[in-house]
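Reading through the structure tokens given below for one structure.
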Number of protein chains: 2
Amino acid sequence: MLKLDARTKLLNAAIEVVRAQGYAATSVDELCRKAGVTKGAFFHHFETKDALAVAAANYWSETTGALFAQAPYHTPADPLDRVLAYIDFRKDLLQGTPAEFSCFVGTTVQEAFGSSDEIRAACKASIFGHAETLVADISEAIRRYKVKGTWTAQSLALHTQAVLQGAFIIAKASGSATTAADSVNHLRRYIELLFNRKPTKRKTK
Amino acid sequence: MLKLDARTKLLNAAIEVVRAQGYAATSVDELCRKAGVTKGAFFHHFETKDALAVAAANYWSETTGALFAQAPYHTPADPLDRVLAYIDFRKDLLQGTPAEFSCFVGTTVQEAFGSSDEIRAACKASIFGHAETLVADISEAIRRYKVKGTWTAQSLALHTQAVLQGAFIIAKASGSATTAADSVNHLRRYIELLFNRKPTKRKTK
DNA sequence: GACACAATACCAACCGGTCGGTATGAGGAG
DNA sequence: CTCCTCATACCGACCGGTTGGTATTGTGTC
């Protein structure tokens, strides 16, 4: 981390600290301390604290986007298997403390949706953008399995994100990653039922 | 609200303001202003700001507990119908802005789980306690419909809360209550599928 | 007059943000 | 090559306002 420039160090620090204590409770000074950077550097790179939040949300989109793009859940030939492998992948990420596995933009938007429309929009773009990466596989699975229903691939993709966000909150309240994993299990079962797939052991990893 | 004592006015103000802007971003002074009460009164009734949060979480449990206890979703004879009616009831509550329909303890615990174990515990008790009120109906439905599975009534009850909490976050990000209702629809469909119930129009109101 | 309750004045610490300044390095002119 | 200029990156003391919390003084009701 030492070779990174001040801007990137601040973005990484923001994601780490905000996930642990929330956005409003995180001060600019603390961020600078954590990043090993001075306050002057902070306001050189970001006009305001809110601007940092917007940049961090976009940075979160990029880094997690790259993580999911190269994740192994894309390999199955069957689109439904890919969707289920995605769910399993998300479950695997539920390790350690909530501060480690929870979602930066989910945490931030909950606090800032009323005070900054720029932050809200950046967080929305992150969540909805990630959901969008699931739509192709879901749509293909709908066609392949000839599933009929009043719901759309988009709404199911967004529902997976809602379940994950909710699971993070339950985990924060209970202090247990297991309760979060329980919800993800229910989500997996829901998708199996939707597509008439018999309950399966996970195929990947 | 004028006839209420200072303590209750502060609790109501806390729930209203925190839902709109979050816990950390809400100052004691603002709470006092909103409640029409002085700072002296605040610290007479609550030792610290955190103590107010704990009291507000318990107050939230009581008031929402009363709301749900007298709600009409308990009337159907079939336990599964009661569970589905509960889901419908929750969906009906998704009116107006996120600040109006979102959950005080869900918002608060997300910010305070790392800094105050008392707040965390009070919020956990509220969420888990509410989930517990669903367990009897779910258990009865499991018996009546002879459903087999690896999941428990408790885990399904908690999953409903996770979906709702997640739906609140999606609503805050999107600024739309409709997207939250979409997730609740998926939750309802999941429960119908779990119990082999044909998709139904809602029975209660 | 005892006691719960509330109003006001006040405090030190901390907040986001500002500002004058320095370090470094690229590019052009001579 | 040397010198000058300019832009970018960064520094840290400082500012006014706000924070959670305290101390003191009423005031209404048994």
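Here is how names work: the chains are called A, B, and so on, in the same order as the sequence lines, proteins then strands, and each is numbered from 1.
- Ion pairing of B/Arg188 with B/Glu192 is present here, as a side-chain N (NZ or NE/NH1/NH2) and a carboxylate O approach within less than 4.0 Å.
- The pair B/Arg19-B/Glu100 does not count as a salt bridge, with every side-chain nitrogen at least 4.0 angstrom from each carboxylate oxygen.
- Listed pair B/His44 / C/dC5 meets the phosphate criterion, a side-chain N or O lying under 4.0 Å from OP1 or OP2.
- In this structure, A/His45 reaches the D/dC10 phosphate: one of its side-chain N or O atoms is under 4.0 Å from OP1 or OP2.
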Heavy-atom protein contacts under 4.0 Å, nucleotides 15-22 of chain C, coded B base, S sugar-phosphate only, - none: SBBB----

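- The existence of a salt bridge linking B/Lys91 and B/Asp88 is excluded, since no basic side-chain nitrogen approaches an acidic carboxylate oxygen closer than 4.0 Å.
- Only one option out of A/Tyr86, A/Trp60, A/Phe104 pairs with A/His130 in a ring-ring contact (aromatic ring centres under 6.0 Å, His included); it is A/Tyr86.
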Run the salt bridge (charged side-chain N to carboxylate O under 4.0 Å, His left out) test on B/Asp78 and B/Arg197 for me, step by step, so that the C-alpha distance in whole Å, both residues' side-chain angles and the decisive distance to 0.1 Å come before the verdict. CA-CA 12 Å; B/Asp78 186 311; B/Arg197 162 78 53 105; 3.6 Å; yes

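- Between B/Asp5 atom CG and C/dC5 atom P the separation is 8 Å, expressed in whole Å.
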